[in-house]
Amino acid sequence: MDEKQQVVAALAAALPDLDQATLAEKIERPKDNKNGDYAFPTFFLAKTLHKAPQLIAQELVAKVDPSGFEKVEVAGPYINFFLDKAKVGGNVLMEILADPANYGSSDLGHGGNVTIDMSSPNIAKPMGMGHLRSTVIGNAIANLMTKTGYHPVKVNHLGDWGTQFGKLMAAYKMWGNEEEVKADPINTLQRYYVKINTEADEHPEYADMGREWFKKLEDGDEEAYRLWVWFRKESLKRFMKIYKLLDVDFDSYNGEAFYNDKMDEIIQLLKDKHLLQESRGAGIVDLSKYDLNPAMVLKSDGSTLYMTRDLTTALFRKRMYGFAKSLYVVGAEQEYYFGQLKAVLTEMGFEWAKQIHYIKFGLMSLNGKKMSTRKGNVVQLEDVLNDSIKMARQQIAEKNPTLANADEVAEQVGVGAVIFHDLKNDRRNRVDFRLEDVVKFEGETGPYVQYAHARAESILRKAGKPSFDGVELALHDEKAWPIVKRLSQYGETVERAAANYDPSLIGKYALALAKDFNQYYAHTRILVDDDQKLERLALVQAVSYVLKSALAILGVKAPDEM
RNA sequence: GGGACGAUAGCUCAACCGGAUAGAGCAUUGGUCUUCUAAACCAAAGGUUGUGGGUUCGAUUCCCACUCGUCUCACCA
């Protein structure tokens, strides 16, 4: 950052007619290191100066003071600036080593609360791979918020209410067996649920039974309530196992049921503001001024919908947390719906509606088809995690059989692979689930990054964990320059990832840094006793810190040995 | 039919604000472990960036049209 200012200053002296902001805007970072560290293209000056860009570049470079730079040279229409590698490199390393935990952090958020609606699995259904996306994306965004000075509030908006419970209860009453459910709650309940759905075509009365049971639940029927509590408890127990594996926790588990008795207010508010209209017996809010279809907030039988609960939830969260932002990490198929939700809130006069951001992610499919719990074609997240851990354990047995805490590391690597796989690409991309891709440990994967980190730690152990306190560092190894450059870009990468709610930028950064390091490692011996040994070790230590930090943002562990 | 999003190497994906020869990984072919962990490294090969126009000194990137794909368009969530 300061380095860019240095370039701006040098150019400003040669081009007094242009203001610094314009110059800063035009300066770019060449993709190829041979074109220097910063470059200034002169095309845009051709028109005003009536000269060829190449000529402008040549004339300009003569006026630029190259002191402070390694060199400044012309390459066609570009002026390329090469930084003083020894000095800049040393500064970057010293900055990281002085305060590793805060490297890359900023205070853009000034402590403002950011509620993040994430994970939100449905009770009485197994957590599928689809829920992984919302969980790990939400978790990574929460970490990005922390890193940029916000205070994230992770909310697991459990799907613990709705007509599907009525159906489930009806199914349980017909075919259920208490012992069977106790033995394996989720899968058994899931089986009942699939059964009643598949047989509903032949037995239309099942749908009515489901509605009746849900009505009972809403009216506080004792048996319905007892079943609901039981199903919910068993489901949560199972979910907690998965969250523990993923190492994700939540600040609130207030789900749909929590808002069940709080919806009157929003209905009343809509009435007071004359926004509630009747149409075909149902209650709707007209949104034609937003170019959207009307939002239904009351069914014709007077019962509520998802929309009703979400409006209530939004208002509750604003009051409870006074959020600076409210994020919803939800599948892309709900985009239209969230447009309506925001529009209704705006229509109600809540100016904070614009603080709501919908963080959509691409649908996960199986063999090209949408996964459907009702049809039973889902891949269970727990199975995938366990498979991955098992495979990681095998790899360790082959490659590092004497590793002391092998089981613990296998879990970190196996789970890390799954999480990283889900986060490395743009969250909006659709993904077709393929186990062999998810549990891959080579190439652009989580384990690749973890491995680079473990190698770095291994070297530091062998070097006797050197201390860098108060050491004045310069970096003389030219081969280390790509690494240092990458390290120096961590903060801006974090900021960009946070601003775009895009964890994949951190994933790509971690891969690039791991690759830089692995290349260096393959070509340079670090543990040789010469006068540059300490600065090489400082480099290794800095890489280790930053890799670990980047992985931590993604929610991936960085074992010291693997 | 309306809307949203997308189309880049055989496959999965990159490409910051419009910039230098469009880059990685996987798969394929070949090379590198008596030296810090080979979950790694090096190399080869792989492209009319869906099609056709336009804007620009310059377009994968911006605009228009078209083709194809996914999602979505009130009593599910």
Side-chain angles (χ1 to χ4, degrees), chain A residues 25-26 28-32 34-35 39 41 43-44 46-47 52-53 75-78 80 120 122 159 161-164 256 279-284 291-301 303 305-307 309-310 330-337 339-340 360 362-363 365 368 370 374 392 395-396 398-400 403 413 417 424-426 428-432 434 436-437 440-452 454-463 489 492-493 496 504-505 508 511-512 514-515 517-528 536 540 561-562:
Chain A
E25 208 174 292
K26 293 289 177 188
E28 51 193 61
R29 256 197 296 259
K31 291 175 194 147
D32 196 329
K34 76 169 196 279
N35 288 325
F43 303 103
F44 76 104
K47 223 170 240 170
Y78 289 90
N80 293 332
S120 313
N122 294 317
W161 204 252
T163 354
Q164 80 268 21
E256 291 168 21
S279 169
R280 287 180 243 164
I284 62 160
D291 218 10
L292 291 166
N293 290 327
M296 184 178 286
V297 292
L298 284 175
K299 292 193 216 171
S300 46
D301 68 0
S303 59
L305 296 102
Y306 193 46
M307 177 66 79
R309 268 187 286 280
D310 265 351
V330 183
E333 72 274 15
Q334 294 189 40
E335 183 162 30
Y336 191 83
Y337 167 80
Q340 291 178 307
K360 66 174 169 174
L363 202 67
S365 56
K370 194 173 166 176
R374 266 173 309 166
Q395 289 251 25
I396 291 171
E398 280 169 39
K399 300 179 188 221
N400 197 353
L403 185 62
V413 172
K424 76 171 168 180
N425 290 325
D426 192 308
R428 285 160 301 195
N429 292 352
R430 286 183 291 275
V431 297
D432 195 47
R434 276 163 58 200
E436 60 269 36
D437 286 347
K440 195 167 275 179
F441 300 152
E442 285 156 28
E444 294 176 330
T445 65
Y448 177 90
V449 181
Q450 290 173 317
Y451 184 64
R455 279 176 139 184
E457 281 302 312
S458 175
I459 288 175
L460 294 167
R461 267 197 310 277
K462 291 214 155 87
Q489 288 159 12
E492 64 190 69
T493 305
R496 198 152 64 90
S504 76
L505 294 175
K508 282 174 195 123
L511 283 171
K515 180 162 194 172
F517 179 70
N518 275 331
Q519 285 174 332
Y520 181 75
Y521 181 98
H523 296 106
T524 306
R525 271 197 75 72
I526 292 148
L527 292 177
V528 282
R536 282 195 303 272
V540 173
E561 269 184 274
M562 63 187 272

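Just so we're on the same page: letters track the sequence lines, and every chain starts at 1.
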Heavy atoms under 4.0 Å, any strand shown: does [X] hit a base, just sugar-phosphate, or nothing?
X: A:Met562; value: base
X: A:Lys26; value: nothing
X: A:Gln334; value: base
X: A:Asn35; value: base
X: A:Tyr448; value: sugar-phosphate
X: A:Ser279; value: base
X: A:Ala39; value: base
X: A:Ala282; value: base
X: A:Val540; value: nothing
X: A:Ala392; value: nothing
X: A:Thr493; value: nothing
X: A:Leu460; value: nothing
X: A:Pro77; value: nothing
X: A:Asp437; value: nothing

Check your understanding: So, is B:C17 syn or anti if syn means the angle is within 90° of 0?
Key ->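 Syn conformation for B:C17.
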
Check your understanding: So, is B:C73 syn or anti if syn means the angle is within 90° of 0?
Key ->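 Chi for B:C73 falls in the anti range.
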
Do any N or O atoms of the protein come closer than 3.5 Å to N or O atoms of nucleotides 54-63 of chain B, and which pairs are they?
{"unit_1": "B:C57", "atom_1": "OP1", "unit_2": "A:Lys47", "atom_2": "NZ", "d": "3.0"}

Closest to the [X] side chain: [options]?
X: A:Ile459; options: B:C36, B:G25, B:A77; answer: B:C36
X: A:Arg280; options: B:A77, B:A74, B:A14; answer: B:A74
X: A:Leu363; options: B:U37, B:A20, B:C71; answer: B:C71

N or O in side chain of [X] less than 4.0 angstrom from [N] OP1/OP2:
X: A:Tyr306; N: B:A77; answer: no
X: A:Lys399; N: B:A39; answer: yes
X: A:Lys299; N: B:C76; answer: yes
X: A:Asn429; N: B:A14; answer: yes
X: A:Lys515; N: B:G25; answer: yes
X: A:Gln519; N: B:C42; answer: yes
X: A:Arg455; N: B:A38; answer: yes
X: A:Lys370; N: B:U72; answer: yes

Roughly how far apart, to the nearest Å, are [N] and [M] at atom [atom1]?
N: B:A40; M: B:G25; atom1: P; value: 10 Å
N: B:C73; M: B:A27; atom1: C1'; value: 41 Å
N: B:C68; M: B:U21; atom1: C1'; value: 31 Å
N: B:U70; M: B:G30; atom1: C1'; value: 41 Å
N: B:A59; M: B:U12; atom1: C1'; value: 25 Å
N: B:C16; M: B:U37; atom1: C1'; value: 35 Å
N: B:C26; M: B:G50; atom1: P; value: 25 Å
N: B:A7; M: B:U51; atom1: C1'; value: 12 Å

What's touching nucleotides 3-6 of chain B from the protein side, N or O pairs under 3.5 Å?
{"unit_1": "B:A4", "atom_1": "O2'", "unit_2": "A:Glu335", "atom_2": "OE1", "d": "2.8"}

Closest heavy-atom contact between [X] and [Y]?
X: A:Val413; Y: A:Gln450; answer: CA-OE1, 3.5 Å
X: A:Ser365; Y: A:Asp432; answer: OG-OD1, 2.7 Å
X: A:Leu363; Y: A:Glu333; answer: CD1-OE1, 3.3 Å
X: A:Ala417; Y: A:Lys440; answer: CB-O, 4.3 Å
X: A:Leu527; Y: A:Lys462; answer: CD1-CB, 3.7 Å
X: A:Arg536; Y: A:Thr524; answer: CD-CG2, 4.2 Å

Revision key, fill the gap. Encoded 5' to 3' (Watson-Crick or G-U under 3.5 Å; [ ] crossing; | other strand), RNA chain B becomes (((((((..((((.....[...)))).(((((.......))))).....(((((..]....))))))))))))....

Mind checking the [atom1]-[atom2] spacing from [X] to [Y]? Nearest 0.5 Å is all I need.
X: A:Arg455; Y: A:Met562; atom1: CZ; atom2: CE; result: 10.5 Å
X: A:Leu505; Y: A:Thr493; atom1: CG; atom2: OG1; result: 7.5 Å
X: A:Ile526; Y: A:Ile459; atom1: CD1; atom2: CD1; result: 3.5 Å
X: A:Thr445; Y: A:Lys424; atom1: OG1; atom2: NZ; result: 7.0 Å
X: A:Asn35; Y: A:Asp32; atom1: CG; atom2: CG; result: 5.5 Å

Is there a donor-acceptor contact under 3.5 Å from the side chain of [X] to the main chain of [Y]?
X: A:Arg428; Y: A:Ala332; answer: no
X: A:Glu457; Y: A:Glu561; answer: no
X: A:Tyr521; Y: A:Ala452; answer: no
X: A:Arg309; Y: A:Glu256; answer: no

Check your understanding: Is there a donor N/O on one and an acceptor N/O on the other, under 3.5 Å, for the side chain of A:Ser300 and the base of B:C75?
Key ->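 It does, because a donor-acceptor pair links the side chain of A:Ser300 to the base of B:C75 below 3.5 Å.
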
Check your understanding: With no angle test and no hydrogens, is the base of B:A20 tied to the side chain of A:Asn80 by a donor-acceptor pair under 3.5 Å?
Key -> yes

Review point. Between B:U21 atom C1' and A:Lys34 atom NZ, what is the distance in whole Å?
Key: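 In whole Å, B:U21 C1' lies 7 Å from A:Lys34 NZ.
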
Check your understanding: RNA chain B: A:Asp432 or A:Ser458, which has the more 5' nearest nucleotide?
Key ->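 So the residue in question is A:Asp432.
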
Practice item. Take A:Ser303 and A:Gly368, find for each the nucleotide of RNA chain B with the closest heavy atom, and name the residue whose nucleotide sits nearer the 5' end. Key: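 Nearer the 5' end of the strand: A:Gly368.
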
Review point. If you measure only the distance, is there a donor-acceptor pair under 3.5 Å linking the side chains of A:Tyr451 and A:Asn518?
Key: no

